[in-house]
Amino acid sequence: MNSFQKIKVFTLDTLFPIHCISCNYEGLWLCEECLEKIPLKQEWTCPICEKNITPGGRVCFHCRKKSFLDGLLVAASYKENLISSAVHYLKYRFAKDLYIPLGKILTKALNNSGLPLPEIIVPVPLHKRRLRWRGFNQSELLAEYLGENLTPGFSIPIFNNLLIRKKYTQPQMKIKNYFRRKKNIENAFMIDTSSMSFSPLIRGDAPKGQRGQEYGMKKENFLKNKKILLIDDIATTGSTLFECAKVLKSAGAAEVFASVIARQENKK
Ligand SMILES: [Zn+2]
Ligand SMILES: [Zn+2]
């Protein structure tokens, strides 16, 4: 979508108020009632072999050696029409506020999964070109929602700019071939702590997502032995998450678990 089309979408949304994408209820992109009806996954499989059933989507014993990622919690099915259209509206119709109901879905899924709470939440970054185009990073919005809502009365640190996408890649969803997808995203990420604040400031001084100082962290090896939760909207082959986990593990993270709203059919 070019900027002219963007303006068109914006104008249409302003002239014609927001309606629930399912029942047409005015004022919300996805109303509470429709949100409640979306079934969440109750059983998960290992994200690598996609065969063995594991608690919360942990990587199974047989695949452990092959993976930097420790698990992938998938909240709902991509086959649910409301899920696929809500993600589509969020990403391509710029319905930014949809991060709230989708964030609720992720929060619920994580609370139901019985997985331990992470120490740090890291969203999968967008390349700056795509960020400019969309105006927001949907994974960042979801991560922020989780950080505030996963545990009542306590927020989990989110590091928005810790991972950066150094390679401009084609959207994984657009590539049909599994090996080309893998190749497309290989070594696309790196760690960058330059935008993070580690000085002993008062809470709230540094921008949200950069407040390393809040948690008594030191810049040197602050990821060491940490349990990290990676957030993305949709997983396809999982290659993006595996690549991010590789970088975080090489910086000393003890565990990297990922969570997504849904996983698209993975035809190897
Ligand atoms: Zn509705
Ligand atoms: Zn497995």
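Atoms within a ligand are numbered from 1 in the order they appear, just like the ligands themselves.
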Student: When the ring centroid of Phe189 is compared with that of Phe242, is the distance short of 6.0 Å?
Tutor: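 Not under 6.0 Å, so no.
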
Student: Mind listing the protein N/O/S atoms less than 2.8 Å away from the Zn ion (ligand 1)? Waters don't count.
Tutor: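 Result, waters dropped: Cys20 SG, Cys23 SG, Cys31 SG, Cys34 SG.
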
Student: Do NZ/NE/NH1/NH2 and the carboxylate oxygens of Lys37 and Glu80 come within less than 4.0 Å?
Tutor: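 Not counted as a salt bridge, because no side-chain N and carboxylate O are separated by less than 4.0 Å.
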
Student: Are the charged groups of Glu36 and Lys104 less than 4.0 angstrom apart, N to O?
Tutor: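 Salt bridge absent between Glu36 and Lys104.
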
Student: Is Leu229 reachable from Phe68 through a run of hydrophobic residues whose side-chain heavy atoms are each under 4.5 Å from the next?
Tutor: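 The answer is no; the residues belong to distinct hydrophobic clusters.
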
Student: How many angstroms lie between CG in Leu146 and CD in Glu144, if you round to the nearest 0.5 Å?
Tutor: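 Those atoms lie 10.5 Å apart.
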
Student: So what's near the Zn ion (ligand 2), protein N, O or S atoms under 2.8 Å?
Tutor: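 Checking every protein N, O and S atom gives Cys46 SG, Cys49 SG, Cys60 SG, Cys63 SG.
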
Student: Output the distance between atom CG (Leu30) and atom CD1 (Ile38), rounded to the nearest 0.5 Å.
Tutor: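 The distance works out to 5.0 Å.
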
Student: Check for me, please, whether Phe136 and Ile158 land in the same ILVMFWY cluster - side-chain distances under 4.5 Å, paths through other members count.
Tutor: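 The answer is yes; both residues are in one hydrophobic cluster.
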
Student: Does Tyr89 reach the side chain of Ile21, with side-chain heavy atoms less than 4.5 Å apart?
Tutor: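 With C-beta onward as the side chain, the pair touches.
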
Student: Answer yes or no: is there a side-chain heavy-atom contact under 4.5 Å between Asn184 and Lys167?
Tutor: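 Not touching, per the 4.5 Å side-chain cut-off.
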
